[in-house]
Each structure stands twice: as structure tokens, then as C-alpha cells.
Chemist: 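Supplied in C-alpha cells, the structure appears directly below.
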Amino acid sequence: MLAAWGGPIIPRMPGEYEQHRRKKAEALRAQGLDPFGRRYPETIDTAGARKRFEAAGEGAPATVAGRMLALREFGKLIFADLWDSSGRIQVAFSKKTLPPQMWDRVKLLDLGDWVGVEGRLVRTRTGEITVDAARVDVLAKALLPPPEKWHGLTDVEARYRQRYVDLFANPEVRDLFLRRSLVIDEVRRFLRERGFVEVETPVLQPLYGGAAARPFVTHHNTLDVDLYLRISPELYLKRLLVGGMERVFEIARVFRNEGISTRHNPEFTLMELYQAFADYGDMMELVETLVERLARTISGGRTCLPFQDKVLEYKAPWRRALYADLLAEHAGVRLGDEPAVRARARTLGLEESNKHVDVVTHDVFEAAVEPHIVQPTFVMDWPARLCPLTKRKADNPDIAERFEPMVAGMEIGNAYTELNDPDVQAEALRTQLAGQQETMAVFDADFVEALKHGMPPAGGLGIGIDRLVMLLVNAPSIRDVVLFPALRPKGSPGAAGTV
RNA sequence: GGGGGCGUAGCUCAGCCGGUAGAGCAACAGCCUUUUAAGCUGUGGGUCGCGGGUUCGAAUCCCGCCGCCCUCACCA
């Protein structure tokens, strides 16, 4: 069995808790019951049970299943809280009404156990809708105790390493990941409505490209070749445009072998799409329409959502701002004024001596401009040298038809009018390669050959789904929106993940 | 990789001017038929992240290491 990220922290001898619980499991076996049960014909979820009570009233039958996360004992009467994916319901076990054998079984239950309960819906003296149990079955015995009921699991490292505990101990965490799922569902629905087709392209690539990033390298034994985990699906999706698939998208897990931070996970989800006969202006319309809709979807119709200490308005249309204007406004330098740009870089403490002026310009942009962009903004018309896959402005070859949607100082995507001239493309890639050590890609001759077969003019877009979800659910760290974020494995090698 | 912070019972946390380790929840043994952070009585539970040093004595002071968080640098 493979280790998950982290895995159990240290394999240890069964402690006090596990021993007690194993004894109870044995006691269940002695009654002929399997403490790790099978299929259970629940009739209704806990939310449905509440509704049924409202509709059918006192005494309506209900069979529910869930995890028991609270017990309140009164000698001959025991209340338990049963949680399932729809919510929580109280269960009452009464010695007076339960068969003696069932009552004995109740005594073998522990917090964290998965149980099924059959009974009738009643309202208690305090008004709580409750399943008055006639029968209980253990569906899975928990051999380890759940975290404390009031504070839950708060230790950040434990929450990431043992997300399975985090998810049931902290309901808001599960809710957050459900909202992430909603966002992705809605992205798919939106794109399908617009005629996009979802495709899958190689994760293992003989050449990597489509972004500026260091790749992970792996090896295929039979072919005896090194392969790269993709840093972007871009070059394959454009090949599909050549092939005549006019509107395609992929929700692609991509891998970048770089630093880890609150905004960077080594693997993340990148939605890329390409639309034939469109340009970056169409992509702006698409982004603002999509994101406004996503905001509404997860917030019950609102377009104005909080993020950290800010409030963000996602309603379309978004602000459109020229890269050059923003640079002048916030950095005080004119785009193309090389001495001024280099001087500004030095005052910002940035290294500039061995870099192309466009690269320095962008360093200045990131340091001086990006923090000031709070409300959703399209930063458009970039220095061409930064954009080797982008078509230049018709009237200015130094400027590329590219934009980044920025929110709260964060780049949430990247889009442009796609470069479809194979000769210009080949030249741009070669220039890029000849330039800095930090290259966009290795030269992909097959990609250029594909362009020679004719790629329709197109707009292309990439959206960082994780960062978008961070914004929409107000999460301060990308680790909060990735179920199993990358962590350094803990414990002795090979110890994690095995029993 | 640089800087700052953190690591004590299953969980949440005290203790940290050195003097043999504590609380709440959880567990265990009891009492309790209307609670919902139930209550009451009693009991058990710790390699104080790991290793070294200083000291008569270290959870506490010093050094190294491991892990996590924040931050800066590279990136989306």
C-alpha cells in the first residue's frame, strides 16, 4: 500500500484507547456481529429524517446511518449524535424500550463508530427531533478516538497529514471541499453550455512546455526514455485546434518542481481552454462571466464576497487596465524606457544586470504594481518578450495580446490571442531558448510542425482553479483548498502507510 | 535557501525566572430516563519532537537535527 502525503505519524503499539475499543469489537464478535459491517439499507439521510418528521409527525419510522460523534448518558437513557453527509440527528437509546440484547450492544459503542439505527422519529422534551432507536448495528468500529468535540482538530500539520480526521472533526472543512467541487462542476457546466468539449491530454510528456517552470522528471522503463510530468497542457490542446476541435478544455493537474508556499503547491489544477476564431477580448468576456457565475453559485447568488481583510466585487464587467498604464501609475516608469526600468528595479532591490529588459520590467511590475490590484482586473497588453506563445498586436510587435486576470494581488490565470504563425512561433521559441537560463520550454519541433498544418486563430485561457477557489471560499492558504497538500514525509522511511 | 515562530496526555491547552508534569474534553469504574460542550464521585494515562551539552538536578537554559506555520526569494 502506498503512503499518502505524510501518512500516520508514527506506527506505535496499540494505546489505551485502541485496546479498549478492540475489546469492544471482540465483544461484538462474541455476539455474532461483525464490528466492520456490510451493506446497510438506510432508508433516509439525517436531513431527510428531519423533513419526514415535519411532514409525517411523531412516530414516523426512519432508518439512518452515520458516524457517532457525541454521547450523553443518563443511566438508562442515552442520547447520541449521528452525523452523515447531510447533517446531524440525535438518536435516543432507552433501556425501557430497547430489547435487552440491543441495550447491551449500545454499551459497546464508542465515539467515532459508524452505526446504523432503526427507529421512530420523535421530539424530545427539549424539542429536538430524535430517532428513538429500536435497533442499532455497528457498521464500522473506530479503533481510534476522534478529536475533542469542542475544538476539533486544530493542529495545522495534523489537519493536513490526517485530512480524513480533519474532514469529520471539522464540518466547515468538509463544507469547503464540497464548495470546491461545486466550483469545478459549474466550470464544466458553463463551458459545455458554450460548446466546449472536455478532453484529456498527456500528463507524461517527452518534452515539457507551455509555461516557464521546472518540471518533475520520471522514467518509462519499456521505452527507456525520460518523461516529464506536464507543467501545462497548452501545446497539446493547441494541436487539437489544428485537428479541428474548435472549442476544447481540460481540467488538468499540472506539476511544477518549484517552491511551496501559501499560494503554491507542487501539483495544482489548471483549467485551460482554447476557442477557435476568438481572441483575448473574448477570453476576458468569458472569464468575467464565468467567475461572476461561480461567485453566485457558491454564495447563494451574491457577487460580492469577502476575502481576508477585503471585500471583492466579481460582477462583470471587470476593470480592463493596460500593463503600461499600471506600470506608469504604480511604478512610475514608462514601458520601454529601459534605463528608467532598470533604475526602478534597483531601488526596489531587484537583480537586473543579467536580465532582458522585459524580464526586469515584469519584476518591477510584480513588486510595485500587483499588490495594488485588489478588485478583479484584467491586466492586458504585455511586453512581447514575456509571451513567446502569444500573437503580437497588429500595430506594435513589442506588445503581445495577453492578459492576466488579477484579484487581491494574485494572478488567477493567464490568457492570450494564440500565436498561429509557425515561423513566428519557431523564432519566438528559439529566441527564448537563446536568452536566459530560465526558458519557457524546450524546443518542440512537432508543435511547430502542427502549426504548419494550420491552427485557426484562437483565444486561449488558463485559470488556476486552486487560487480561484481560495478567493471564492476565503481561504488564506492553497493548502486549505487542496485535500492532501504536499508535505515532507514524516517518520522513518517506509514506515508511513503500512499497518 | 534566508529571517521569525511553534512542537507537553488521544484532542485542545497551561506549566518555561531550573527542583521529580497539570487542566478540560476523551478513556476506565460507578450514580443518573430528556440531554445536546449534560451533571456528580473516583481511577488510570506522558521518551514534555529527536540527539547532545551545562547543572547535584532540565519540559524549562545552550547547541545540533527533524517537522510544521508565517515571511522573503522563484512560480500560477
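Quick note on labels: first sequence line is chain A, next is B, and so on, each numbered from 1. It should be emphasised that the depicted structure is a prediction, and the values quoted were computed from it without experimental measurement.
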Chemist: Decide yes or no, distance alone: a donor-acceptor N/O pair under 3.5 angstrom between the base of B:U35 and the side-chain of A:E73.
Modeler: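 For A:E73, whose side chain was compared with the base of B:U35, there is no donor-acceptor pair (under 3.5 Å).
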
Chemist: Rounded to the nearest Å, what distance is computed from the NZ atom of residue A:K107 to the P atom of nucleotide B:C28?
Modeler: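 Those two atoms, NZ and P, are 11 Å apart.
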
Chemist: P atom, B:C40 versus B:U35: distance in rounded Å?
Modeler: 15 Å

Chemist: Which nucleotide in the set B:U33, B:A26, B:G44 lies at the smallest distance from any side-chain heavy atom of A:S94?
Modeler: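 Minimum distance to the A:S94 side chain belongs to B:U33.
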
Chemist: Heavy atoms under 4.0 Å, any strand shown: does A:D155 hit a base, just sugar-phosphate, or nothing?
Modeler: sugar-phosphate

Chemist: Using the C1' atoms only, state how far B:C61 lies from B:G15, rounded to an integer number of Å.
Modeler: 16 Å

Chemist: Can you measure A:E18 atom CD to B:G10 atom P for me and round it to whole angstrom units?
Modeler: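 Going from CD in A:E18 over to P in B:G10 covers 12 Å.
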
Chemist: What is the distance, to the nearest angstrom, from the CG atom on A:L71 to the P atom on B:A37?
Modeler: 14 Å

Chemist: Would you say A:K149 places a side-chain N or O within less than 4.0 Å of OP1 or OP2 belonging to B:C11?
Modeler: no

Chemist: For B:U71 and A:T262 - does any side-chain N or O of the residue sit under 4.0 Å from the phosphate oxygens OP1/OP2?
Modeler: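 Looking at the OP1 and OP2 atoms of B:U71, one of them is under 4.0 Å from a side-chain N or O of A:T262.
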
Chemist: Using atom P of each nucleotide, how far apart are B:C28 and B:G5 to the nearest Å?
Modeler: 42 Å

Chemist: Could you check which of B:U34, B:C28, B:U33 has an atom nearest any side-chain atom of A:R125?
Modeler: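 Nearest listed nucleotide: B:U34.
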
Chemist: B:U35 base stacked by A:F79? Criteria: ring centres under 5.5 Å, plane angle under 30°.
Modeler: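 Yes, A:F79 stacks on the base of B:U35, since the ring centres sit under 5.5 Å apart and the planes are within 30°.
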
Chemist: Among the nucleotides B:C69, B:U35, B:A27, which one has an atom lying closest to any side-chain atom of A:T124?
Modeler: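 So the nucleotide nearest the side chain must be B:U35.
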
Chemist: Within the structure, does a side-chain N or O atom of A:T154 lie under 4.0 Å from either OP1 or OP2 of B:U12?
Modeler: yes

Chemist: Taking atom C1' in both B:G7 and B:C50, compute the distance separating them and give it to the nearest angstrom.
Modeler: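 Each nucleotide's C1' atom is 11 Å from the other's.
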
Chemist: One thing to verify: whether A:E401 and A:K391 come together as a salt bridge, which I'm taking to mean a side-chain N less than 4.0 angstrom from a carboxylate O.
Modeler: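 No salt bridge links A:K391 with A:E401.
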
Chemist: Determine: side-chain N/O of A:R479 to OP1/OP2 of B:C70, distance under 4.0 Å, yes or no.
Modeler: yes

Chemist: Nearest heavy atom decides the nucleotide; on that basis, is A:S477 or A:L350 closer to the 5' end of RNA chain B?
Modeler: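 It is A:S477, whose closest nucleotide lies nearer the 5' terminus.
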
Chemist: CZ/A:R188 to CD/A:E198 distance, rounded to the nearest 0.5 angstrom?
Modeler: 4.0 Å

Chemist: Taking atom CG of A:L82 and atom CZ of A:R67, what is their separation to the nearest 0.5 Å?
Modeler: 10.5 Å

Chemist: Choose from B:C69, B:C25, B:U33 the nucleotide whose nearest atom is closest to any side-chain atom of A:L77.
Modeler: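 The listed nucleotide nearest to A:L77's side chain is B:U33.
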
Chemist: Over all strands shown, is A:N265 touching base, sugar-phosphate only, or nothing at heavy-atom distances under 4.0 angstrom?
Modeler: base

Chemist: Can we say A:R123 and A:E128 salt-bridge, meaning some charged N sits less than 4.0 Å from an Asp/Glu carboxylate O?
Modeler: no

Chemist: Mind checking if A:G152 touches a base, just sugar-phosphate, or nothing, with heavy atoms under 4.0 Å?
Modeler: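 Sugar-phosphate contact only.
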
Chemist: Taking the same atom, C1', in B:A37 and in B:U12, what whole-Å distance lies between them?
Modeler: 13 Å

Chemist: Any strand is fair game: report the nucleotide pairing with B:C6 by Watson-Crick or G-U wobble, both distances under 3.5 Å, or none.
Modeler: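 Across all strands, the one nucleotide that pairs with B:C6 is B:G67.
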
Chemist: Need the pair for B:C61. Rule: Watson-Crick or G-U wobble, both distances under 3.5 Å, any strand; none if unpaired.
Modeler: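 Base partner found: B:G53.
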
Chemist: When you compare the side chain of A:F93 with that of A:V91, does any pair of heavy atoms fall below 4.5 Å?
Modeler: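 The answer is yes; the side chains approach within 4.5 Å.
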
Chemist: Are there more than 12 heavy atoms of other residues, nucleotides or ligands under 6.0 Å from atom CD of A:Q31?
Modeler: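 Enclosed.
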
Chemist: Could you state the CG-C1' distance from A:L487 to B:G7, rounded to the nearest angstrom?
Modeler: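 Roughly 15 Å, once rounded to whole Å.
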
Chemist: Which of these nucleotides, B:U35, B:C11, B:G45, is closest to any side-chain atom of A:E128?
Modeler: B:U35

Chemist: Counting side-chain heavy atoms from C-beta on, which of B:C11, B:C32, B:A27 comes nearest to A:F74?
Modeler: B:C32

Chemist: Tell me what A:G75 touches on the nucleic acid: a base, only sugar-phosphate, or nothing, going by heavy atoms under 4.0 Å.
Modeler: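 Result for A:G75 = base.
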
Chemist: Looking at B:U33, B:C68, B:C28, which one has an atom nearest to any side-chain atom of A:K96?
Modeler: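 Taking heavy atoms from C-beta onward, the closest nucleotide is B:U33.
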
Chemist: A:N257 side chain to A:R214 main-chain N or O, any donor-acceptor pair under 3.5 Å?
Modeler: no

Chemist: When you compare B:G18 with B:G10, how far apart are their P atoms, in angstrom units rounded to a whole number?
Modeler: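 Result for the P pair: 29 Å, nearest Å.
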
Chemist: Nearest to the A:H20 side chain among B:G10, B:U35, B:C28, which nucleotide is it?
Modeler: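 The nucleotide sitting nearest to the side chain is B:C28.
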
Chemist: What distance, rounded to whole Å, do you find between the two C1' atoms, one in B:A21 and one in B:C31?
Modeler: 31 Å

Chemist: Is A:W150 stacked on the base of B:A37 when the test is centres under 5.5 angstrom and planes under 30 degrees?
Modeler: yes

Chemist: Looking at A:E16 and B:G44, is any side-chain donor or acceptor paired with a base atom of the opposite kind under 3.5 Å?
Modeler: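 Looking at the base of B:G44, it does pair with a donor or acceptor on the side chain of A:E16 (distance under 3.5 Å).
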
Chemist: Would you say B:C68 has OP1 or OP2 under 4.0 Å from some side-chain N or O of A:R161?
Modeler: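 Answer yes for this pair, as a side-chain N or O of A:R161 is under 4.0 Å from OP1 or OP2.
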
Chemist: Grab the CD1-C1' distance between A:I78 and B:C31 for me, whole Å please.
Modeler: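 So the CD1-C1' distance, A:I78 to B:C31, works out to 14 Å.
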
Chemist: Can a side chain N or O of A:K24 be found less than 4.0 Å away from OP1 or OP2 on B:C28?
Modeler: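 It does, given that an N or O in the side chain of A:K24 lies less than 4.0 Å from OP1 or OP2 of B:C28.
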
Chemist: Looking at A:R72 and B:U35, is any side-chain donor or acceptor paired with a base atom of the opposite kind under 3.5 Å?
Modeler: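 In this structure, the two groups form a donor-acceptor pair.
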
Chemist: Evaluate the ring planes of A:F378 and A:W318, with Trp represented by its six-membered ring, and classify them as parallel (under 30°), tilted (30 to 60°) or perpendicular (over 60°).
Modeler: parallel

Chemist: With nearest nucleotides of RNA chain B determined for A:K76 and A:P147 from heavy-atom distances, which residue corresponds to the more 5′ nucleotide?
Modeler: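 Between the two, 5'-proximity favours A:P147.
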
Chemist: Suppose you measure atom P in B:C62 against the same atom in B:U54; what distance do you get, rounded to whole Å?
Modeler: 15 Å

Chemist: With both distances kept under 3.5 Å, what pairs with B:G1, Watson-Crick or G-U wobble?
Modeler: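 Matched B:G1 with B:C72 under the 3.5 Å cut-off.
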
Chemist: Watson-Crick or G-U wobble partner for B:U33, using a 3.5 Å limit on both distances?
Modeler: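 Partner of B:U33: none.
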
Chemist: At what distance, to the nearest 0.5 angstrom, does CD of A:E186 lie from OG of A:S181?
Modeler: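 Spacing of CD (A:E186) from OG (A:S181) equals 11.5 Å.
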
